[in-house]
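Everything numeric in this text was worked out from a predicted model, so none of it was measured. Each residue takes its place number in the sequence, starting with 1.
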Amino acid sequence: MPTQLAPGVHRLGNALVNCYLIEDGNRMTLVDGGFPGFRSQLDGYLRSRGSTVAAIDAVILTHAHPDHLGMAEGVRRDAGAAVYVHAADAHQARTLKPHAREASLLPYLRRPPMWRLLATAARLGGLRTPKVAEVTAFTDGDLDVPGRPRVIPTPGHSPGHVAFHLPDRGVLIAGDALGAYNPLTGRRGPQLMPTAFAYDKQRMLASLDALERVDAGLLVFGHGEPWTDGPAAAVARAREVGFT
């Protein structure tokens, strides 16, 4: 079930994939789009709070992988929301054309978590993710959307991957620069996402430096449970685990 994690920061999705709502007065920002099938959950949660999708002014993407694009086009169309994505990922958001990857998915086919991910994606429309017809590209700075998230470039998982910091709420949204659940192996705890999804694993590793320096009491991810022991401790754990 959707939950409020911090003042005006709400977690949606399921056990495998997360997305987030930032509430700022009566206006909202959706962070990542999860799977397309999450839309009914989003609409129901907004209704429970006396709101509708029309209150969403923006969709901001940590990156343009299909499991983060899901609802983006539908919310853009139905709410008139702008969809923001880093310039280096903008082409993928518009076309769904995948970037090069460091490793193959084939070795993971013997692992049950990968089949669970595929089955969940199929059930929730993740194998038919809509392209985003219009995007607004950015590079860094603060985004002028509800919540005023600060962009932290963290390339590697994708060419233009970013994290979002909400300094006034003590929240860091890491996207897939760091995770607490590996969707291909089932491993839990802070770690890098699998190299089979990564554009450049060395840049992904180097991007941990940017997360390590952030002052945030709550760290949330595209995959896995929230972390409350600080970004530096999460990064240290991820470096111990290394590449998977």
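- At distances below 3.5 Å, not a single donor-acceptor pair connects side-chain atoms of E134 with backbone N or O atoms of V83.
- Listed for the D24 side chain is no donor-acceptor partner under 3.5 Å among the backbone atoms of R27.
- For the pair S51/M28, a side-chain contact is recorded, criterion being any heavy-atom separation below 4.5 Å from C-beta on.
- Rounding to the nearest 0.5 Å places CG of L124 at 11.5 Å from CG of D67.
- Separation of the H161 and H86 ring centroids does not fall under the 6.0 Å cut-off.
- Contact detail for L192 and G242: the closest heavy-atom pair is CD1-O, 4.2 Å.
- Hydrophobic clustering (side-chain heavy atoms under 4.5 Å, transitive across Ile, Leu, Val, Met, Phe, Trp, Tyr) keeps V31 apart from V53.
- Considering only heavy atoms from C-beta on, V235 stays 4.5 Å or farther from D209 through its side chain.
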Go through V220 and N18 one step at a time and tell me if the side-chain contact (heavy atoms from CB on, under 4.5 Å) criterion holds.
CA-CA 9 Å; V220 298; N18 300 314; over 6 Å; no
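- A 4.5 Å side-chain heavy-atom check between N182 and R188 finds every atom pair outside the cut-off.
- Here the shortest heavy-atom pairing between G126 and P66 reads O-CB, 4.5 Å.
- Within the 4.5 Å cutoff, side-chain heavy atoms of H157 are placed close to those of M204.
- When the shell of 6.0 Å around CZ of R11 is examined, it contains more than 12 heavy atoms from other residues, nucleotides or ligands.
- Between F138 and Y84, the angle of the ring planes lies from 30° to 60°, which puts this pair in the tilted group.
- The closest side-chain heavy-atom distance from P194 to T244 is below 4.5 Å.
- Pairing each heavy atom of T120 with each of F35, the nearest pair is CG2-CE1, 4.1 Å.
- Scanning both residues, T129 and G70, for their nearest heavy atoms gives CG2-N, 3.9 Å.
- Contact annotation: the side chain of L178 never approaches that of Q191 to less than 4.5 Å [non-hydrogen atoms, C-beta and beyond].
- Side chain of Q41 to backbone of R39: no donor-acceptor contact under 3.5 angstrom is found.
- A donor-acceptor pair under 3.5 Å links the side-chain atoms of W115 to the main chain of L109, judged by distance alone.
- Using a 4.5 Å cut-off between side-chain heavy atoms of Ile, Leu, Val, Met, Phe, Trp and Tyr, with links allowed through other members, F197 and L118 fall into the same hydrophobic cluster.
- Panel note: side chain E73, backbone A133; a donor-acceptor pair is recorded below 3.5 Å.
- Of the charged side-chain nitrogens involved, none lies within less than 4.0 Å of a carboxylate oxygen, so that R47 and D43 do not count as a salt-bridged pair.
- Hydrophobic clustering, with ILVMFWY side chains joined whenever heavy atoms are under 4.5 angstrom apart, keeps V59 apart from L143.
- The minimum heavy-atom distance between D89 and S158, with the atom names listed, is OD2-OG, 2.7 Å.
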As a quick check of understanding, evaluate side-chain hydrogen bond (donor to acceptor under 3.5 Å, both in side chains) for D176 and H68, giving each step before the final call.
CA-CA 10 Å; D176 284 3; H68 292 255; 3.1 Å; yes
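- The two residues L211 and P231 make their nearest non-hydrogen contact at O-CB, 3.3 Å.
- When the ring-ring contact (aromatic ring centres under 6.0 Å, His included) test is applied to Y108, no partner is found at least two apart in sequence or on another chain.
- At a threshold of 4.5 Å between non-hydrogen side-chain atoms, the residues S207 and P155 count as touching.
- With a 6.0 Å radius and a threshold of 12 heavy atoms from other residues, nucleotides or ligands, N26 has its CG atom at or below the threshold.
- Using modelled atom types and a 3.5 Å distance limit, the side chains of H99 and H65 yield a donor-acceptor pair.
- Side chain of D32 to backbone of G34: no donor-acceptor contact under 3.5 angstrom is found.
- Taking CZ from R94 and CG from L69, the interatomic distance works out to 12.0 Å, rounded to the nearest 0.5 Å.
- Linking ILVMFWY residues whenever their side-chain heavy atoms come closer than 4.5 Å, directly or via other members, places V75 and V135 in the same cluster.
- With rounding to the nearest 0.5 angstrom, the OH atom of Y181 is 5.5 Å from the CG atom of L16.
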Go through the steps for L184 and R111 under the test side-chain contact (heavy atoms from CB on, under 4.5 Å), then give the verdict.
CA-CA 7 Å; L184 298 186; R111 294 179 176 268; 5.7 Å; no
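- By the rule that hydrophobic residues join a cluster once side-chain heavy atoms approach within less than 4.5 Å of another member, V162 and Y199 end up as members of separate clusters.
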Should D57 and T29 be marked as a side-chain hydrogen bond (donor to acceptor under 3.5 Å, both in side chains) after you check the CA-CA gap, both sets of side-chain angles, and the distance that decides it?
CA-CA 6 Å; D57 287 349; T29 294; over 6 Å; no
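- In this structure, CG on D168 lies 8.5 Å from NE2 on H165, to the nearest 0.5 angstrom.
- The CE atom of M1 lies 13.0 Å from the CG atom of N14; values are rounded to the nearest 0.5 Å.
- Electrostatic pairing of D200 and R101 does not count as a salt bridge here, judged by no charged N lying under 4.0 Å from a carboxylate O.
- Side chain of E102 to backbone of K201: a donor-acceptor contact under 3.5 angstrom is found.
- Within the structure, no pair that satisfies the salt bridge (charged side-chain N to carboxylate O under 4.0 Å, His left out) test touches residues 112-128, not counting sequence neighbours.
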Between L5 and L218, is the side-chain contact (heavy atoms from CB on, under 4.5 Å) condition met? List the steps.
CA-CA 9 Å; L5 301 176; L218 180 66; 3.8 Å; yes
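- A distance-only check finds a donor-acceptor pair linking the side chain of R169 to the backbone of G8 [under 3.5 Å].
- Judged by distance alone, the side chain of R148 and the main-chain N or O of D142 form no donor-acceptor pair under 3.5 Å.
- Salt-bridge formation is detected for the pair R49/E23: a Lys NZ or Arg NE/NH1/NH2 atom is positioned less than 4.0 Å from an Asp or Glu carboxylate oxygen.
- Side-chain polar atoms of Y45 and H10 form a donor-acceptor pair below 3.5 angstrom.
- Under a 3.5 Å cut-off, the side chain of T195 and the backbone N or O of A198 do not form any donor-acceptor pair.
- Atom CD1 in I152 sits 5.0 Å away from atom CG in L172 (nearest 0.5 Å).
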Could you go step by step and tell me if I60 and L30 meet the side-chain contact (heavy atoms from CB on, under 4.5 Å) rule?
CA-CA 6 Å; I60 60 175; L30 177 65; over 6 Å; no
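- In this structure, F221 and I173 have side chains that are not in contact, with every pair of non-hydrogen atoms separated by 4.5 Å or more.
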